[in-house]
*Asks:* 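After the structure tokens below, expect a handful of questions from me.
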Amino acid sequence: LKTNAKYMNKTIRVTGIVNNTGVDVFGNTWVNLETGVNATFEKWLIHCTVKDNFIQEVANLSKGDIVTIQGIYKGTGLEMIWLNDCILIS
């Protein structure tokens, strides 16, 4: 929970491996990234809702691609870290 207080609504940048992409029930495009393991050897999954002008770039991603994404930290839940308004950096 300290992480939530420290990073909530701040822009952060993460690098990870594309796990999958899709569109939610509200029509928002998203990409999930896997990152390294934490202290208990659990993998973190980063769920990134993508800004509209990056939808095509995300559509071109494939599972296993290594990418860097920047977005607004919105907390954790359902064993994920949630980022909104994400853009693809590389």
Side-chain angles (χ1 to χ4, degrees):
L1 293 174
K2 285 184 178 183
T3 302
N4 280 339
K6 182 176 180 178
Y7 294 106
M8 187 61 70
N9 295 317
K10 294 189 176 155
T11 300
I12 63 170
R13 189 176 285 192
V14 295
T15 299
I17 301 166
V18 174
N19 176 284
N20 55 10
T21 62
V23 177
D24 67 21
V25 295
F26 302 107
N28 300 309
T29 299
W30 53 266
V31 58
N32 284 343
L33 304 180
E34 292 180 358
T35 64
V37 295
N38 65 14
T40 59
F41 300 101
E42 299 170 312
K43 285 186 180 178
W44 283 102
L45 192 63
I46 313 292
H47 181 83
C48 308
T49 303
V50 180
K51 281 189 150 187
D52 288 345
N53 51 332
F54 285 86
I55 290 173
Q56 188 57 49
E57 289 183 48
V58 169
N60 292 331
L61 295 176
S62 298
K63 185 172 183 166
D65 288 348
I66 298 173
V67 297
T68 299
I69 288 185
Q70 180 176 296
I72 308 297
Y73 179 84
K74 289 298 180 181
T76 60
L78 303 174
E79 300 179 4
M80 291 187 200
I81 296 171
W82 297 82
L83 301 179
N84 285 353
D85 297 327
C86 294
I87 61 173
L88 192 60
I89 302 296
S90 64

*Asks:* When the side chains of residues 81-90 are checked against the rest of the protein, which donor-acceptor pairs come out under 3.5 Å, sequence neighbours left out?
*Replies:*
| from | atom 1 | to | atom 2 | distance (Å) |
| --- | --- | --- | --- | --- |
| Trp82 | NE1 | Gly77 | O | 3.0 |

*Asks:* Sequence neighbours left out, cut at 3.5 Å: what donor-acceptor pairs do the side chains of residues 54-64 make with other protein atoms?
*Replies:*
| from | atom 1 | to | atom 2 | distance (Å) |
| --- | --- | --- | --- | --- |
| Gln56 | NE2 | Asn60 | OD1 | 3.4 |
| Asn60 | ND2 | Gln56 | O | 3.3 |

*Asks:* Rest of the hydrophobic cluster containing Val25 (Ile/Leu/Val/Met/Phe/Trp/Tyr, side-chain heavy atoms under 4.5 Å)?
*Replies:* Phe26
*Asks:* Do Ile46 and Thr35 touch side chain to side chain, with heavy atoms closer than 4.5 Å?
*Replies:* yes
*Asks:* Please determine whether side-chain contact (heavy atoms from CB on, under 4.5 Å) holds for the pair Leu45 and Asn19, giving the CA-CA distance in whole Å, both sets of side-chain angles, and the decisive distance to 0.1 Å.
*Replies:* CA-CA 8 Å; Leu45 192 63; Asn19 176 284; 4.2 Å; yes
*Asks:* Can you tell me how far apart SG (Cys48) and CG (Leu33) are? Round to the nearest 0.5 Å.
*Replies:* 4.5 Å
*Asks:* Could you please spell out the steps behind the side-chain contact (heavy atoms from CB on, under 4.5 Å) verdict for Lys74 and Thr49?
*Replies:* CA-CA 11 Å; Lys74 289 298 180 181; Thr49 303; over 6 Å; no
*Asks:* Which distance, rounded to the nearest 0.5 Å, do you find between the CH2 of Trp30 and the OG1 of Thr21?
*Replies:* 6.5 Å
*Asks:* State plainly whether one hydrophobic cluster holds both Ile17 and Met80, where clusters connect Ile, Leu, Val, Met, Phe, Trp and Tyr through side-chain heavy atoms under 4.5 angstrom apart.
*Replies:* no
*Asks:* Measuring only between side-chain heavy atoms, which start at C-beta, is Tyr73 closer than 4.5 Å to Thr11?
*Replies:* no
*Asks:* What do the steps show when you test Ile66 against Thr15 for side-chain contact (heavy atoms from CB on, under 4.5 Å), and what is the final call?
*Replies:* CA-CA 7 Å; Ile66 298 173; Thr15 299; 3.9 Å; yes
*Asks:* I want to check something: taking the side chain as every heavy atom from C-beta on, are Val18 and Val67 in contact at a cut-off of under 4.5 Å?
*Replies:* yes
*Asks:* Would you sort out whether Val31 and Val50 count as a side-chain contact (heavy atoms from CB on, under 4.5 Å), showing the intermediate values?
*Replies:* CA-CA 7 Å; Val31 58; Val50 180; 4.2 Å; yes
